[in-house]
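Contents: one structure, followed by commentary.
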8 protein chains.
Amino acid sequence: MAKAKTTPLVAIVMGSDSDLPVMKQAAEALDKFAVPCELKVISAHRTPAEAAAYAQSARKRGIRVIIAGAGMAAHLAGALAAQTELPIIGVPLASGSLLGQDALLATVQMPKGVPVATVAIGGAFNAGLLAVQILGVGDGKLLDKFKAYKTQIRKDVLAKKV
Amino acid sequence: MAKAKTTPLVAIVMGSDSDLPVMKQAAEALDKFAVPCELKVISAHRTPAEAAAYAQSARKRGIRVIIAGAGMAAHLAGALAAQTELPIIGVPLASGSLLGQDALLATVQMPKGVPVATVAIGGAFNAGLLAVQILGVGDGKLLDKFKAYKTQIRKDVLAKKV
Amino acid sequence: MAKAKTTPLVAIVMGSDSDLPVMKQAAEALDKFAVPCELKVISAHRTPAEAAAYAQSARKRGIRVIIAGAGMAAHLAGALAAQTELPIIGVPLASGSLLGQDALLATVQMPKGVPVATVAIGGAFNAGLLAVQILGVGDGKLLDKFKAYKTQIRKDVLAKKV
Amino acid sequence: MAKAKTTPLVAIVMGSDSDLPVMKQAAEALDKFAVPCELKVISAHRTPAEAAAYAQSARKRGIRVIIAGAGMAAHLAGALAAQTELPIIGVPLASGSLLGQDALLATVQMPKGVPVATVAIGGAFNAGLLAVQILGVGDGKLLDKFKAYKTQIRKDVLAKKV
Amino acid sequence: MAKAKTTPLVAIVMGSDSDLPVMKQAAEALDKFAVPCELKVISAHRTPAEAAAYAQSARKRGIRVIIAGAGMAAHLAGALAAQTELPIIGVPLASGSLLGQDALLATVQMPKGVPVATVAIGGAFNAGLLAVQILGVGDGKLLDKFKAYKTQIRKDVLAKKV
Amino acid sequence: MAKAKTTPLVAIVMGSDSDLPVMKQAAEALDKFAVPCELKVISAHRTPAEAAAYAQSARKRGIRVIIAGAGMAAHLAGALAAQTELPIIGVPLASGSLLGQDALLATVQMPKGVPVATVAIGGAFNAGLLAVQILGVGDGKLLDKFKAYKTQIRKDVLAKKV
Amino acid sequence: MAKAKTTPLVAIVMGSDSDLPVMKQAAEALDKFAVPCELKVISAHRTPAEAAAYAQSARKRGIRVIIAGAGMAAHLAGALAAQTELPIIGVPLASGSLLGQDALLATVQMPKGVPVATVAIGGAFNAGLLAVQILGVGDGKLLDKFKAYKTQIRKDVLAKKV
Amino acid sequence: MAKAKTTPLVAIVMGSDSDLPVMKQAAEALDKFAVPCELKVISAHRTPAEAAAYAQSARKRGIRVIIAGAGMAAHLAGALAAQTELPIIGVPLASGSLLGQDALLATVQMPKGVPVATVAIGGAFNAGLLAVQILGVGDGKLLDKFKAYKTQIRKDVLAKKV
């Protein structure tokens, strides 16, 4: 059972290992809620077959939500969404010279039929929280934990003195 | 039990009744999967107390996912996200003169701690599909239905002749 | 009476204590005119109930103008405007990767019925001056002081040699 | 005394008579609160002397707030702000091909020392409301009226059925 | 041999049949040079397996250049580029509310290793011409024809009287 | 007569002395052609009367072209153009957080009747060259000098080895 | 001498005859000042040799100022500026889907050494006025006429009643 | 024959020698495939005659593809495309203050008849790869090499551990 706990429920994938400093914040958010996750580098453009296979097999392997971060013409989240019925959270990353504006549009402006749940540019931590909320839809205790987390960040803000 | 079926699982809220032609597409998507929903006009700016109360009570009333559509300085999705632990899907709407660019940024660029799952500008139908996927995380049959839907739209594209 | 003088007339609120280096410039502007103010961290998204309560009670506590600064999907000014009849001045802040373009649109593009008096990105000092002008509408001496200030900055420019 | 009532408290100026269909909405907002106003065409670029004289004499003539609407390289609000200590509300207008993005930036991005209280692109009605709020800072009854107006628009939204 | 001539050398693919009015202009350009082509609807997001198979088999089937048109988060050109060594020409299409700015960035901002030869928004005719030029690199007569075409459009411009 | 030579033909004005490092490049360009100029800090917003007087008297004082540089809601060039029949060259400056995009639009998007000859963001050197070309319209020798300058920069490029 | 009067002083060139409805406004402006001009279709991309020859010979033929209008990747003004020492006025045109934003940047952002005097998007009338001002630098009577024109448009604005 | 091998097939031109650090990445990409190339500084604006002559003679000298990199109002690729029937690859460079947005639009938004194959901002390496793919259209072995390269970068990604 302890082992079962470590079967990842959330996959965090990124187009390049240079995205890790931002994308690991998604794992940090999941850790706060003891939600097991796996991190992986997969590129929609350089490893398309692996990206497809990864997405197709994810549900069977127990993954419930996929978080995908990519920069520039950020296709990763959409490419995964094309291959699985699982909900996909997209994190636009600010690589290249356009400050992430390209990645934001390439992630969020998905066509009818294939949504990607997009968060802010660089918003990997929030992507992790959103995954918790999504898992919480079928797990009341987890959603209660998220409620408690919201209470905590509320207290943190109220404690600030300026 | 028939009654239970009609208890809405998804709330579709919008800042103005002029948003209905777009936002009802979310309901149409949910209908395809027999997911019961409710539609409501609530404004983050004109009815803030009602917006807060609506979000705070939503989980208790059985709502599992909230879809919020708004234009311009689109605060509705974020304002609801501030008041509930439920996942919020934001639909930026293209009202006003900036083509929805304002609504997109005001919806997606949420601060750390309070994510909004944002879809494309005017993407209410996809918001409905995303709600189905999110509900499917805790309901394998619904997720199977979504998988079947993906198969169907694949067939629709393949049937196109040009 | 000395005490009365220190009852704040202007509230300067910000979404995060990291906004203080910019937002305290509003207080510096007010200080030039001996207008008492208070500074406070309140988040539209992380402390929504406190934000609502703060705005609702502000007039009663003697506040006449509220200055609100926030970055990214900057909802703070609009959220306060939703809860009080006092005039709200919004300061878009350049946090995140979009240089404050997101905050500008999220602050200024308010819907019909709920205006926010928006100043430049990072324009907290000008927000303080605008508050002085607004207070001056009902206080001729203060408006005279502002006139004198304008004369002073005119002289400062004229003294520049290049 | 009836006469005194009709002495305008708010000036609504615009760069061109083609701006009237939008800018008269400011007058409509003021009318709801029985705040007398005057409308005038003045161009910062084509009638700069008149614009300067108008702003310089406004306070003396009893004007308390000036609303200025202009499109493209919208200098009118800033040009008036340069010439008077009265608060200036700027309304960026969507003339020309850039959808008002030029007017927004030319109105809101004012330098240190000379703020313009900017509202949404085309937001003349809100400019009128903001003028009411500003006048209300020194006139509690007017501010109470504005509070009542907010209650009314809240009721209007709540009455919407979708 | 006549048959051989009709074996398509260029594939024109598009994400939706609604893109046909623009994308058939690529075929019109190719027709001017008697370059045989095929048109096909394939979606990177709705038919990802078919898109992959199509790109993987294209070279073997005799295709030398692929032109791909898509709107919004336009992934089609990049998705094909990921699956074949053939040169891919991307045509960003102006569907949705952002005037094709999203499609332009999603098409052109490709990561290192996987280029897409991008033309103007809606520039399907130029995409056809570019395919002719690319084929002309290994076919001097075709390149001569393109040179003659340039002479012709030069004459057309010179014949204009204003 | 030597003295007459030093009577400035071109005025270089800027909104703030912090603009000097960029704006002095205009003087450097003029120096290459021995065109006498004067530099001055004048603000459209902080010294409007002086700006007006300066523009109104410029022709009489012998000034033939005015170069005006400003950042953000850059009104200086337009404000001077409103007050004189002399040609005005506008230099948008990249101060503030929007990289000069605000200054570009505020400078170039002038209304019918009052043009500003706008150069690139930060393009003060080119503004100086353009002033030389404009003076050259009535001074063939100066225009010949400019032609020689173009020959020189051509040679400079051709001498580059990579 | 009457003949001499009709020797054009200003050339108005455009990339396509479809630009004529906008570009002829430059001729209308010049007509108000009896400045003779010629209109011509030349394309930087489709007739590059003719564009070069036209610019190189313009001064010799008596042309003093060239006005060039083009849309999209608007190179015409810059291409002419590369070939002549005469001042070039660039008019960005709003063809294509980007509202003229592409043409504005492609016209104004010229590199060091080769300025283009850029006016507003679609601002052909102002381009004509600017040409008059430039010619006026060496022709006091023409500059006086322009001053009178400014007086007239001032009167036109003052006559507007709203 | 060894000599023949070193006759350049690809020309890499750039508007300024300051572009070399980015543009030499195109040569590095070509080197991986032993495709000989030449690098050259030519400016569309400062050496227009040389740019024209270079493009006109390129095919005769054995060049098959031209890669052109430029920043700001980046006309170089288009200016070369106007003068030759060879395919032109454009690399927008991020010089100046607009992050390369100006160069992207000035490169990609080419008019009907004169395409430029545009890659990402700063994407010189990809421009080199695209040249290889284009040459590969008439050279199966080169295209096979490119296929092998794609296999290699796939392996590189798969080897990444995070």
Side-chain angles (χ1 to χ4, degrees), chain A residues 14-19 41-56 68-85 88 90 92-118 121, chain E residues 14-19 41-56 68-85 88 90 92-118 121:
Chain A
M14 62 206 85
S16 159
D17 59 339
S18 64
D19 300 333
V41 176
I42 312 179
S43 166
H45 295 121
R46 285 171 289 190
T47 63
E50 286 76 12
Y54 185 83
Q56 287 162 2
M72 299 181 68
H75 297 197
L76 185 56
L80 299 174
Q83 302 276 5
T84 178
E85 62 270 26
I88 307 290
L93 299 177
S95 59
S97 55
L98 293 182
L99 310 170
Q101 292 177 95
D102 41 7
L104 172 56
L105 296 179
T107 301
V108 77
Q109 288 292 90
M110 291 291 289
K112 199 174 169 178
V114 193
V116 165
T118 306
I121 299 170
Chain E
M14 62 205 85
S16 158
D17 59 339
S18 65
D19 300 332
V41 176
I42 311 179
S43 166
H45 295 120
R46 284 170 289 191
T47 63
E50 286 75 14
Y54 185 84
Q56 287 162 2
M72 299 180 67
H75 297 197
L76 184 57
L80 299 174
Q83 301 277 4
T84 178
E85 60 272 24
I88 306 290
L93 299 177
S95 59
S97 55
L98 292 181
L99 310 169
Q101 293 177 96
D102 41 6
L104 172 56
L105 297 178
T107 301
V108 78
Q109 288 291 88
M110 290 290 290
K112 199 173 171 180
V114 193
V116 165
T118 306
I121 299 170

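Everything numeric in this text was worked out from a predicted model, so none of it was measured. Values below: every heavy atom of this structure, side chains too, minus hydrogens, waters and symmetry copies. The chains referred to below are lettered A, B, ... by the order of the sequence lines, with proteins before strands, and numbering in each begins at 1.
Here the closest non-hydrogen pair linking E:Ala68 and E:Ala77 is CB-CA, 3.7 Å. The heavy-atom pair separating E:Ala81 from E:Pro115 by the smallest distance is CB-O, 4.0 Å. Taking both residues in full, the closest heavy atoms of E:Met14 and E:Leu76 are given as C-CD2, 3.7 Å, listed atom of the first, atom of the second, then distance.
With hydrogens and angles ignored, the 3.5 Å screen pairs a side-chain donor or acceptor of A:His75 with a backbone N or O of E:Ala106.
Using a 4.5 Å heavy-atom threshold, the side chains of E:Val108 and E:Pro92 count as separate.
In this structure, chain A has a heavy atom under 4.5 Å from the backbone of E:Ala44, while its side chain stays farther away. Contacts of A:Ala74 with chain E are made by backbone atoms alone, with heavy-atom separations under 4.5 Å and no side-chain atom involved. Neither the backbone nor the side chain of E:Ala51 has a heavy atom closer than 4.5 Å to any heavy atom of chain A.
With chain A as partner, the option from E:Thr47, E:Thr107, E:Leu98 having the largest number of non-hydrogen pairs under 4.5 angstrom is E:Leu98. Annotation: maximal heavy-atom pairing with chain E below 4.5 Å, among A:Gln109, A:Met110, A:Met72, occurs at A:Gln109.
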